[in-house]
Amino acid sequence: MATMMQEFTKGLWKEIPPFRLVLGLCPVLAVTNSAENGLGMGAAVIFVLTLSNVIISLVRKIIPKKVRIVGFIAIAASLVVTVEMLMQAFAYPLYQQLGIFVPLIVVNCIILGRAEGFASKNPPHMALADGLGMGIGFTISLTFIGSIRESLGAGTLFGVDLFGPSFEPFTFMVQAPGAFISLGLILAGMNFFTAWQAKRNGVELDPNFDAGCRGCAACKGLEKIVNQKKLERLESAKS
Amino acid sequence: MDIFLLFISAIFVNNIILAQYLGLCPYLGCSKEKSVSIGMGCAVTFVMFMATLLTYLMQKNVLIPFNLGYLQTIAFILVIASLVQFVEMFLKKMVPPLYKSLGIFLPLITTNCAVLGVAIMVHRKELDITTSLLFSVASGLGFILAIVVMASIRERFEISRIPRAMKGVPIGLVMAGIMSLAFMAFKGMI
């Protein structure tokens with residue numbers, strides 16, 4: 001039985017989203033053109049994720065299994081509306097910067113993934129630790145990517161000039177292609193580190209070593225179909 | 001002419017995946033096999049069109065007259081969730097062959113941020129209903145284009161030697177970055 005502390009810290013490194021748990025990529029790419037935006041988005045996600053985890057865990061025995069997904073979405077949506085109104089009141093410039101991605105927190109896989117994978121099976125205090133840990137891990141990741149992209153793409157960090165006037169900004173990094181490529185390389189580095197660590201500790205690495213969206217219930221059904229298609233193709237290639 | 005421009009730019013220049021970062025989960029999750037990606041793309045386009053229509057009517061006839069604009073997010077997501085459920089039931093009963101090919105994708109679409117994203121975007125851009133519907137179809141076509149091209153490339157990855165750490169999502173993301181770079185060239189078109 002894992003303690004609350006373990007549930008909390010696993011979100012910070014062992015299962016840090018979105019690097020280890022590849023979930024909720026849309027905001028990760030979209031709002032990280034500056035470190036500040038990343039931090040703001042992360043704060044909004046911490047709020048929604050922690051509260052939705054606790055509430056879902058409280059009502060987990062009441063919600064019928066068949067309508068649970070819609071129930072989870074409704075809970076998350078009401079929390080997102082709260083965040084939207086809070087941001088409009090207290091952080092309007094940030095709200096405008098993040099734009100459409102604030103309401104889109106509701107369909108972020110990380111909320112549903114944690115609800116389905118953790119909160120609906122565990123008591124509220126565990127869900128609280130899990131939500132808080134995952135949320136903080138998500139914020140750290142967003143701020144990390146944001147600072148890399150901002151420092152290379154604009155030469156600033158949290159708006160402070162880093163390299164002096166002779167620096168030519170690498171504008172590519174703050175645009176869409178830079179987002180994709182930097183996240184891809186960070187994920188690859190993370191995989192490389194995991195493999196190296198496993199080798200050093202003499203642990204056998206998981207043969208299905210693939211940072212897919214493992215936690216996301218949505219993709220699991222597809223995996224089956226894809227595998228079946230692959231088998232068919234192999235058979236036809238053989239004959 | 002403006003409408004034509006909007007249509008083309010939604011497919012190529014402001015491609016929903018490669019320029020606006022919406023719908024990345026299915027983009028990476030369902031692009032391992034070409035036939036699967038085509039099915040997913042068609043299902044997303046269809047749901048996107050229906051969802052934009054319904055949420056547009058909802059916004060104009062319910063939310064604005066009753067001064068409930070702040071409930072937009074929750075209202076839209078519930079409309080989309082019930083729409084997807086309804087379409088699934090309808091196809092299962094009435095058009096079984098179509099259900100067989102598209103049915104599996106439908107439950108995944110509820111949480112596709114591209115659908116909710118387009119529904120919200122048409123209101124932020126203040127488009128009228130015809131333009132909104134055209135915009136949703138164009139976004140769907142852009143989604144199909146991006147995901148099918150990606151699936152075709154990823155099928156080739158199966159037989160190529162990729163460093164172990166890059167396998168799966170990382171190489172997919174780097175590929176998406178290069179594709180997005182290519183799509184940036186369309187900016188010169190308008």
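To find a chain, count down the sequence lines: A is the first, B the second, and so on, and within it residues start at 1. None of these values were measured; they are calculated from a predicted model.
Minimum interatomic distance between B/I120 and A/P103 (heavy atoms only, all atoms of both residues): CD1-CB, 3.7 Å. Across all non-hydrogen atoms, the minimal contact from B/A165 to A/N191 is O-ND2, 3.0 Å. The heavy-atom pair separating A/L187 from B/P170 by the smallest distance is CB-CG, 3.8 Å. In this structure, B/G117 and A/L104 approach most closely via the heavy-atom pair N-CD2, 3.8 Å.
For chain A, the nearby parts of B/L116 are the backbone and the side chain; heavy atoms of each come within less than 4.5 Å. Heavy atoms of B/Q72 lying under 4.5 Å from chain A are absent altogether. Proximity to chain B (any heavy atom under 4.5 Å) is shown, for A/F193, by neither the backbone nor the side chain. Interface remark: A/L183 contributes backbone and side-chain atoms alike to the contact with chain B (heavy atom separation under 4.5 Å).
Looking at heavy atoms from C-beta onward, B/I77 lies out of side-chain contact with A/V80 at the 4.5 angstrom threshold.
Near-neighbour residues of residues 27-34 of chain A relative to chain B, defined by a heavy atom under 4.5 Å from a heavy atom of that chain, comprise A/L29, A/A30. Close approach to chain B, defined as a heavy atom under 4.5 Å from one of its heavy atoms, is seen in A/V81, A/E84, A/M85 of residues 81-88 of chain A, taken by number. The stretch residues 176-185 of chain B places B/A176, B/G177, B/I178, B/S180, B/L181, B/M184 near chain A, each with some heavy atom under 4.5 Å from a heavy atom of that chain. Identified by a heavy-atom distance below 4.5 Å to chain A, the contributing residues of residues 121-145 of chain B are B/M121, B/R124, in residue-number order.
If you tally non-hydrogen atom pairs under 4.5 Å between each of A/A176, A/A179, A/S182 and chain B, the highest count goes to A/A176. Contact tally against chain A (heavy-atom pairs below 4.5 Å) for B/E158, B/Q85, B/M175, B/M166: the top residue is B/E158. Highest contact tally toward chain B, considering only A/S78, A/C26, A/A77, is held by A/C26 [criterion: heavy-atom pairs under 4.5 Å]. Contact count against chain A (heavy-atom pairs under 4.5 Å) is highest for B/L24 among B/L24, B/I109, B/L71, B/L78.
From A/F180, atom CZ reaches atom CD1 of B/I17 across 8.0 Å, with rounding to the nearest 0.5 Å. The CD1 atom of B/I74 sits 10.0 Å away from the CD1 atom of A/I75 when rounded to the nearest 0.5 Å.
With a 6.0 Å radius and a threshold of 12 heavy atoms from other residues, nucleotides or ligands, B/F46 has its CZ atom at or below the threshold. Counting non-hydrogen atoms of neighbouring residues, nucleotides and ligands closer than 6.0 angstrom, the NZ atom of A/K199 reaches no more than 12 such neighbours.
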